[in-house]
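Read the structure below first, then the notes.
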Amino acid sequence: MPELPEVETIRRELDREVVGKRIKSVEASGERTLRRHKSPKEFVAKLEGAKISGVERRGKYLVFKLDTGDLLVCHLGMSGQLRKEQAKDPVADHTHVVITFTQGGQLRFLDPRTFGEMFVTTPDELGEAVPELADLGFDPVETPLSWTAFGEMLIKRQTKLKALLMDQKFMAGLGNIYSDEILFAAGLRYDRPANSLSTQEIRRLYRSVVETLHDAVKYRGSTLADQGYVDLYGKTGDYAEHHKVYARDGLACRRCRTPIQKVRFNSRTTYYCPQCQV
DNA sequence: ACGCCCGCCTGTAAGC
DNA sequence: TGCTTACAGGCGGGCG
């Protein structure tokens with residue numbers, strides 16, 4: 001669920017809420033959340049006493065810069081949430097990490113399905129020990145390309161459009177929801193071979209990538225019916241109201257009134273308009 | 001290189 | 001009502 005717009009929304013809030021704060025203590029009970037460490041103790045030891053000097057985003061990863069020189073990396077997976085709370089607030093189920101600041105207040109990580117993770121590493125190791133981050137493709141919001149450069153990369157690939165959009169090594173940050181929304185905005189089917197696009201289609205696709213993501217960030221991301229995504233304050237995002245195809249199967253297309261179709265593609269649910277997307 | 005599927009997890013909801 | 005099954009989609013990995 002958390003894709004680029006949701007992670008960017010949280011990053012902006014973290015920028016306000018935790019940058020400049022010093023970590024007083026850390027409670028880390030989640031072994032699976034901290035699976036890259038030998039033990040939660042090791043994770044805690046690297047954090048206590050450190051000050052957070054900045055928060056960046058790379059695709060769906062959050063990277064906290066520490067004044068020790070280390071980096072705290074967080075991926076929310078499917079069900080991870082970061083929440084700003086007070087020490088007196090009740091601790092929700094599935095809370096795996098609690099960071100308490102010297103200035104008061106806590107940052108908590110909860111994650112029912114434990115696909116998410118947190119770990120501390122060094123800038124050097126990001127390029128070696130952490131291939132997932134080192135191999136990430138460009139970030140279309142943070143470091144956009146020209147559409148011509150995008151087209152040169154795209155035309156070389158022998159794969160279908162949706163698989164390519166979701167490939168984090170090609171472009172970082174898209175998941176199932178935004179891939180479908182972007183393909184609708186571009187008027188392209190999920191199963192079009194990437195190397196079959198005309199120059200005009202490439203330009204339209206890239207414009208749709210950038211515009212859809214910016215729009216979604218403006219509305220603070222998509223909270224679906226399951227409420228799986230909320231921001232740092234527990235607030236839902238408003239972008240789902242603006243979805244054109246995602247979870248709208250059987251409903252009339254907002255552009256042409258044809259019913260939106262739901263299919264399985266690469267064992268993922270895919271929504272599209274059979275009239276508007278070619 | 002690509003398509004396809006599994007495993008990792010839990011909460012929710014549909015189906016019998 | 002209560003049990004079982006399917007689904008949700010993040011990612012790595014394995015296989016053809």
Side-chain angles (χ1 to χ4, degrees), chain A residues 1-11 29-36 57-63 73-82 92-97 109-119 126 128-137 139 152-183 189-197 213 216 221-230 236-237 239-240 243 245-250 262-272:
Chain A
M1 321 222 176
E3 302 178 31
L4 188 152
E6 290 76 32
V7 180
E8 177 60 19
T9 300
I10 294 167
R11 191 203 65 77
S29 54
E31 295 264 354
R32 205 176 117 75
T33 299
L34 307 174
R35 54 191 173 269
R36 298 208 194 210
R57 182 186 55 74
R58 299 188 199 172
K60 300 174 198 172
Y61 288 87
L62 285 165
V63 181
V73 180
C74 178
H75 193 293
L76 299 171
M78 285 294 301
S79 59
Q81 294 181 8
L82 284 170
D93 280 351
H94 309 292
T95 298
H96 306 306
V97 174
F109 179 76
L110 47 140
D111 185 11
R113 293 176 65 181
T114 66
F115 289 153
E117 62 169 328
M118 287 182 113
F119 59 92
L126 263 198
E128 299 154 26
V130 191
E132 299 96 305
L133 268 133
D135 296 344
L136 279 183
D139 185 302
E152 281 167 27
M153 284 169 56
L154 178 127
I155 213 80
K156 287 182 200 150
R157 298 290 297 262
Q158 302 271 338
T159 185
K160 290 175 181 174
L161 273 188
K162 179 164 176 175
L164 185 61
L165 291 182
M166 290 184 64
D167 180 355
Q168 303 301 302
K169 293 182 179 67
F170 175 73
M171 176 165 60
L174 298 192
N176 204 40
I177 296 171
Y178 293 103
S179 298
D180 282 3
E181 291 298 318
I182 286 165
L183 287 168
R189 278 178 61 108
Y190 59 94
D191 55 357
R192 275 285 295 278
N195 61 9
S196 76
L197 267 60
L213 293 175
S222 301
T223 299
L224 306 180
D226 67 1
Q227 302 279 302
Y229 161 72
V230 291
T236 56
Y239 190 68
H243 288 175
V245 288
Y246 188 83
R248 289 180 48 80
D249 49 309
K262 174 182 178 176
V263 294
R264 288 302 273 186
F265 171 73
N266 283 1
S267 54
R268 302 272 154 169
T269 311
T270 295
Y271 302 92
Y272 73 107

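In what follows, every chain begins at residue 1, and chains take the letters A, B, ... in the order their sequences are listed. Computed from a prediction, not measured in an experiment: that's the story for all the values here.
- Across residues 153-165 of chain A, not one residue has a non-hydrogen atom less than 4.0 Å from an atom of DNA chain C.
- In this structure A/E132 satisfies the salt bridge (charged side-chain N to carboxylate O under 4.0 Å, His left out) test together with A/R36, sequence neighbours excluded.
- A/T270 and A/R264 form no side-chain donor-acceptor contact under 3.5 Å, judged by distance and modelled atom types alone.
- Tested against A/F119 for a side-chain contact (heavy atoms from CB on, under 4.5 Å), the candidates A/V130, A/T33, A/L34 yield a single pass: A/V130.
- Put simply, chain A comes within 4.0 Å of DNA chain C, heavy atom to any atom, from C/dA8 to C/dG12, going 5' to 3'.
- With sequence neighbours excluded, no residue forms a salt bridge (charged side-chain N to carboxylate O under 4.0 Å, His left out) with A/K60.
- Scored by the side-chain contact (heavy atoms from CB on, under 4.5 Å) test, A/T236 finds A/T223, A/Q227, A/V230 as partners (sequence neighbours excluded).
- A distance-only check finds no donor-acceptor pair linking the side chain of A/Q158 to the backbone of A/K156 [under 3.5 Å].
- When all heavy atoms are compared, the tightest approach of A/S29 to A/T95 is OG-O, 3.7 Å.
- Contact annotation: the side chain of A/H94 never approaches that of A/D111 to less than 4.5 Å [non-hydrogen atoms, C-beta and beyond].
- Of the possible polar contacts, one joining the A/D226 side chain to the A/G228 backbone as a donor-acceptor pair under 3.5 Å is found.
- Residue A/K162 is tested with A/D191, A/D180, A/D167 for a salt bridge (Lys or Arg N to Asp or Glu O under 4.0 Å); the sole match is A/D180.
- Within 4.0 Å of A/S79, counting heavy atoms only, lies no atom of the nucleic acid at all.
- Using a 4.0 Å cutoff on non-hydrogen atoms, the parts of residues 110-118 of chain A near DNA chain B are A/P112, A/R113, A/T114, A/F115, ordered by number.
- Taking atom C1' on both B/dT12 and C/dC11, the two are 23 Å apart, rounded to the nearest angstrom.
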Paired and unpaired positions of DNA chain B as dot-bracket, Watson-Crick or G-U wobble under 3.5 Å, | denoting a partner strand: .|||||||.|||||||
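- Counting non-hydrogen atoms under 4.0 angstrom, A/R264 reaches the backbone sugars and phosphates but no base.
- Spacing of P atoms, C/dG9 relative to B/dA14, comes out at 16 Å, to the nearest Å.
- Relative orientation of the A/Y190 and A/Y272 rings is perpendicular, given thresholds of 30° and 60° on the angle between their planes.
- Every side-chain contact (heavy atoms from CB on, under 4.5 Å) that A/P2 has, sequence neighbours left out, goes to A/E6, A/V7, A/L76.
- Residues A/L154 and A/A194 share a closest heavy-atom pair of CD2-O, 3.3 Å.
- Within residues 167-182 of chain A, the residues that have a heavy atom under 4.0 Å from DNA chain C are, in order of number, A/Q168, A/G175, A/N176.
- Looking at heavy-atom distances under 4.0 Å, A/F265 makes no contact with the nucleic acid at all.
- The gap from the P atom of B/dC9 to that of C/dC3 amounts to 25 Å, rounded to the nearest Å.
- Residues A/H96 and A/T114 are in side-chain contact: their nearest non-hydrogen atoms beyond the backbone lie under 4.5 Å apart.
- Partners of A/Y246 according to the ring pair (Phe, Tyr, Trp, His ring centres under 6.0 Å) rule, which considers only residues two or more places apart in sequence or in another chain, are A/H243, A/Y271.
- With contacts defined as side-chain heavy-atom distances shorter than 4.5 Å, the pair A/L4/A/Y178 does not qualify.
- Interface limits on DNA chain B: the 5'-most and 3'-most nucleotides within less than 4.0 Å of chain A heavy atoms are B/dC2 to B/dG11.
- Remark: A/D249 engages no residue in a salt bridge (charged side-chain N to carboxylate O under 4.0 Å, His left out) (not counting sequence neighbours).
- Taking OG of A/S222 as the reference point, atom OH of A/Y229 lies at 9.0 Å (rounded to 0.5 Å).
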